[in-house]
Amino acid sequence: MAKWTAFPHAGDYAFDAASVKKNWAKLHLNDAEPLPKEAAALAAWAQFHSGQFQQAAEAGLKAGGAGLAVAYKATCIYATYLEQKEKTKLELFMQIAQQAEAQAAADPKNAAAWYWQAYALGRYSQGISVAKALAQGLGGKIKAALETAIKLQPKHVDAHIALGAFHAEVIDKVGSLIGGMTYGAKKETGLKLFQAALALNPGSAIGLIEYANALVMLEGDKKMQEATQLYERAAAVKAQDAMERLDVELAKAELAD
């Protein structure tokens with residue numbers, strides 16, 4: 001595996017297995033991930049929360065079982081925020097989509113496997129263009145996987161956010177008529193999913209960011225002021241770990257533009 005770009009704020013978040021365990025409920029409010037019993041998986045999560053994404057991905061894969069969720073998350077967050085090469089980014093997303101799909105087939109009650117398959121395919125779709133991804137039939141796959149994740153784990157905040165973003169992106173690209181008829185995308189459903197996510201975690205930086213983006217996609221300029229306020233709330237979040245720091249920095253960068 002090629003060396004990944006380092007997290008730019010290394011040292012700001014120093015987690016070990018004990019501190020991850022102690023703060024688990026807060027750190028995993030968005031993904032509703034159960035606390036792993038295996039020491040190897042917990043150690044990989046400590047690396048993830050500290051921003052050692054490559055080490056976390058490798059350790060999670062090696063641990064297997066409960067460690068796979070951290071491997072998927074570390075790879076996807078790294079590819080979303082830190083990988084500079086578009087080709088590598090797309091390859092990483094496709095790799096996770098395939099690994100998570102295989103895990104979901106073997107363990108259909110695993111909400112994380114369904115969620116990471118959808119997340120990786122969603123980011124891959126944004127990379128190749130949503131229109132192209134829809135033409136390839138990825139839309140139905142993403143929607144079904146996210147709906148399954150929510151059914152298995154109704155408190156999965158990130159799955160609500162991702163499914164809300166799916167509805168908004170599809171309508172933005174193909175319009176509400178085709179979006180509704182062909183892909184089952186509905187504006188009201190998308191907005192309700194974001195509201196449900198933020199009811200579960202009002203301080204979710206990524207939830208606030210994606211909700212802001214969806215409002216502009218679905219409602220246009222008339223929602224620009226509300227979207228800006230959501231971005232301001234996201235930028236003001238006190239990041240708990242490396243991943244959330246990347247979300248907060250994204251909100252600050254958008255506001256600066």
Side-chain angles (χ1 to χ4, degrees), residues 1 24 27-38 40-42 44-45 48 53 56-80 89-128 130 132-167 169-170 182-185 189-190 193 196-197 200-201 206-207 210 243:
M1 192 190 272
W24 187 267
L27 289 167
H28 290 271
L29 189 54
N30 268 32
D31 64 10
E33 187 65 28
L35 176 69
K37 295 180 181 74
E38 303 86 345
L42 198 58
W45 278 115
F48 171 81
F53 297 121
E58 289 168 357
L61 279 178
K62 197 175 166 189
L68 294 178
V70 64
Y72 302 156
K73 190 166 192 170
T75 306
C76 284
I77 296 305
Y78 168 76
T80 301
K89 192 181 281 204
L90 292 176
E91 283 167 358
L92 288 170
F93 287 135
M94 193 41 79
Q95 172 198 313
I96 295 305
Q98 289 166 350
Q99 288 173 344
E101 184 176 13
Q103 189 189 11
D107 181 11
K109 292 209 166 124
N110 189 312
W114 290 103
Y115 172 73
W116 288 112
Q117 177 194 341
Y119 181 96
L121 282 179
R123 291 294 188 201
Y124 176 83
S125 300
Q126 289 171 330
I128 63 169
V130 172
K132 200 182 276 187
L134 290 173
Q136 288 178 15
L138 296 182
K141 207 168 181 179
I142 293 166
K143 184 170 180 277
L146 287 170
E147 286 171 348
T148 304
I150 291 169
K151 203 171 172 182
L152 291 167
Q153 179 43 272
K155 289 186 174 174
H156 200 305
V157 177
D158 285 335
H160 283 84
I161 294 165
L163 190 53
F166 168 83
H167 284 272
E169 293 240 18
V170 170
T182 313
Y183 305 104
T189 307
L193 283 156
L200 288 164
N201 184 7
I206 194 62
E210 295 288 3
M243 180 194 72

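Numbering of residues begins at 1 and proceeds along the displayed sequence.
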Measure the shortest side-chain to side-chain distance between [X] and [Y] over non-hydrogen atoms and say whether it is less than 4.5 angstrom.
{"X": "H160", "Y": "L146", "answer": "no"}
{"X": "Q117", "Y": "K141", "answer": "yes"}
{"X": "L27", "Y": "W45", "answer": "no"}
{"X": "L152", "Y": "N110", "answer": "no"}
{"X": "V130", "Y": "F166", "answer": "no"}
{"X": "F93", "Y": "T80", "answer": "yes"}
{"X": "K143", "Y": "Y183", "answer": "no"}

Does atom NZ (K155) have a neighbourhood of more than 12 heavy atoms from anything else shown, all under 6.0 Å?
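It does not: K155 NZ has 12 such atoms or fewer within range.
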For Y72 and Q103, does a side-chain donor sit closer than 3.5 Å to a side-chain acceptor?
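Per modelled atom types, Y72 and Q103 side chains form a pair under 3.5 Å.
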Donor + acceptor pair across side chains of E169, Q126 (<3.5 Å):
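Yes - a donor-acceptor pair under 3.5 Å links their side chains.
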Give me the atom names and distance for the closest heavy-atom approach of [X] to [Y].
{"X": "A44", "Y": "A56", "result": "O-CB, 3.4 Å"}
{"X": "L200", "Y": "P154", "result": "CD1-O, 4.1 Å"}
{"X": "A100", "Y": "A113", "result": "CB-O, 3.4 Å"}
{"X": "V157", "Y": "A197", "result": "CG1-O, 3.7 Å"}

Atom pair [atom1] ([X]) and [atom2] ([Y]), whose distance is rounded to the nearest 0.5 Å:
{"X": "Q136", "Y": "I128", "atom1": "CD", "atom2": "CD1", "answer": "4.0 Å"}
{"X": "S125", "Y": "L138", "atom1": "OG", "atom2": "CG", "answer": "4.5 Å"}
{"X": "D158", "Y": "H28", "atom1": "CG", "atom2": "NE2", "answer": "11.0 Å"}
{"X": "T182", "Y": "L134", "atom1": "OG1", "atom2": "CG", "answer": "9.5 Å"}
{"X": "L61", "Y": "T75", "atom1": "CG", "atom2": "OG1", "answer": "6.5 Å"}
{"X": "I77", "Y": "I206", "atom1": "CD1", "atom2": "CD1", "answer": "7.5 Å"}

With distance as the sole test, does W24 use its side chain to make a donor-acceptor pair with the main-chain N or O of E33 at under 3.5 Å?
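Present.
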Residue among H156, K73, Q153 satisfying side-chain hydrogen bond (donor to acceptor under 3.5 Å, both in side chains) with D31:
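The passing option is K73.
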Can a salt bridge be assigned to the pair K62 and E58 using a cut-off of 4.0 Å between side-chain N and carboxylate O?
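Not counted as a salt bridge, because no side-chain N and carboxylate O are separated by less than 4.0 Å.
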Report the C-alpha distance between L121 and M94 in whole Å, list the side-chain angles of each, state the deciding distance to 0.1 Å, and finish with yes or no for side-chain contact (heavy atoms from CB on, under 4.5 Å).
CA-CA 7 Å; L121 282 179; M94 193 41 79; 4.2 Å; yes
